[in-house]
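Below you'll find the structure, written out as structure tokens, and then a few comments.
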Amino acid sequence: MFWYDLASSLLVGTMNTLELLLISAPLGAGLGIAIGILGSRKGFLSILARAFSSIFRGFPLLVTLFIVFFGLTDFGIYLSPTASAIISFILCSSAYISEYFRGAILSIDEGQSLAAKAIGMNETQEFLHIIVPQAIRRALPSISNEIVYMVQYSSLAFAVGVQEVYSVAKSFNSLYFRPLEIFSILALIYLSMTALVTLAFRKLTERLRIP
């Protein structure tokens with residue numbers, strides 16, 4: 001009975017964790033790339049992009065989570081625990097990914113810019129067809145690491161009441177107090193998810209590799 005209840009409870013928690021990740025990861029990566037592009041340019045938008053990155057890298061994700069879930073109620077905004085967790089994950093991961101992507105853009109050799117101009121490309125064409133594709137390839141390993149981190153810090157969602165897999169395991173352990181079995185299985189679940197993320201990004205990196 002213990003093992004059946006444990007397996008069914010962890011399955012529900014795992015599905016909830018996957019829901020958080022499948023929404024947060026692509027949106028966080030997309031927003032991070034967009035902010036990274038803005039941050040690599042000049043002007044007011046660049047200043048805003050860098051400010052965004054500095055702010056959300058400047059304090060723990062848990063603080064962002066509490067501000068979004070509890071703090072926004074002062075303005076009459078009431079979000080569900082799941083929505084609060086997703087928004088917090090997107091804000092935090094996009095801040096880090098934007099810096100990875102901005103660094104990848106700035107690492108592109110200036111000679112390629114001159115070559116693009118020599119064949120008649122304007123600045124926008126050069127940026128979209130020469131700079132951005134190479135920057136994506138260079139930033140992929142760092143973005144992969146950030147998504148792996150997101151899998152791990154998804155456990156923080158329990159702090160605002162999301163019934164994700166860590167929360168379920170913690171509750172189950174408080175009932176049966178069998179930490180070795182419960183948390184060992186929990187570790188295997190996280191290990192499986194991070195392995196899948198690593199494998200997916202490895203395949204993507206191979207696919208985008210320049211022959």
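Scope of the values below: all heavy atoms of this structure, side chains included, with no hydrogens, waters or symmetry mates. The shown structure was predicted, so the numbers you read here are calculated from the model rather than taken from an experiment.
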Working for side-chain hydrogen bond (donor to acceptor under 3.5 Å, both in side chains), residues R138 and S107: CA-CA 9 Å; R138 292 189 183 187; S107 72; 2.8 Å; yes
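- Of the possible donor and acceptor atoms, none in the side chain of Q152 sits under 3.5 Å from a partner among the backbone N and O of Y149.
- When side chains are defined from C-beta on, F56 does not count as touching S94, because their heavy atoms never get closer than 4.5 Å.
- For C92 against L61, the heavy-atom pair with the smallest separation is CB-CD1, 3.7 Å.
- In plain terms, the two heavy atoms of V168 and G13 that are nearest each other are CG2-CA, 3.8 Å.
- Under the 3.5 Å distance criterion, the side-chain polar atoms of R137 are matched with a main-chain donor or acceptor of L208.
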Test side-chain hydrogen bond (donor to acceptor under 3.5 Å, both in side chains) applied to E99 and S53, step by step: CA-CA 7 Å; E99 284 301 295; S53 173; 3.2 Å; yes
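- No donor-acceptor pair closer than 3.5 Å links the side chain of S9 to the backbone N or O of L6.
- Checking each of L22, T17, I23 against E19 for a side-chain contact (heavy atoms from CB on, under 4.5 Å) leaves exactly one that passes, namely I23.
- Between the side chain of S184 and the main chain of E181, no donor-acceptor pair closer than 3.5 Å is present.
- Cation-pi geometry between R41 and F127 is met: under 6.0 angstrom from the ring centre, within 45 degrees of the axis.
- Relative ring orientation between F2 and F172 is described as tilted, the plane-to-plane angle lying within the 30° to 60° band.
- Under the 3.5 Å distance criterion, the side-chain polar atoms of S80 are matched with a main-chain donor or acceptor of A83.
- In terms of modelled atom types and a separation under 3.5 Å, the side chain of T14 and the main chain of L10 share a donor-acceptor contact.
- The shortest distance between side-chain heavy atoms of Y166 and L156 does not fall below 4.5 Å.
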Q112/Q134 under side-chain hydrogen bond (donor to acceptor under 3.5 Å, both in side chains): CA gap, chis, key distance, verdict: CA-CA 11 Å; Q112 299 194 30; Q134 293 186 70; 2.3 Å; yes
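- I136 contributes atom CD1, which lies 9.5 Å from atom CG of L204 (distance to the nearest 0.5 angstrom).
- Rounded to the nearest 0.5 Å, atoms CG (N173) and CD1 (I182) are 4.5 Å apart.
- The backbone N or O of G39 sits less than 3.5 Å from a side-chain atom of S46, completing a donor-acceptor pair.
- Listed for the S98 side chain is a donor-acceptor partner under 3.5 Å among the backbone atoms of A95.
- Across all their heavy atoms, Y190 and V151 have their closest contact at CE2-O, 3.6 Å.
- In this structure the side chain of V12 never reaches within 4.5 angstrom of the side chain of Q163, judged on heavy atoms.
- The structure places CE of M121 at 9.5 Å from CG of L128, a figure rounded to the nearest 0.5 Å.
- In plain terms, the two heavy atoms of A139 and A104 that are nearest each other are CB-CB, 4.0 Å.
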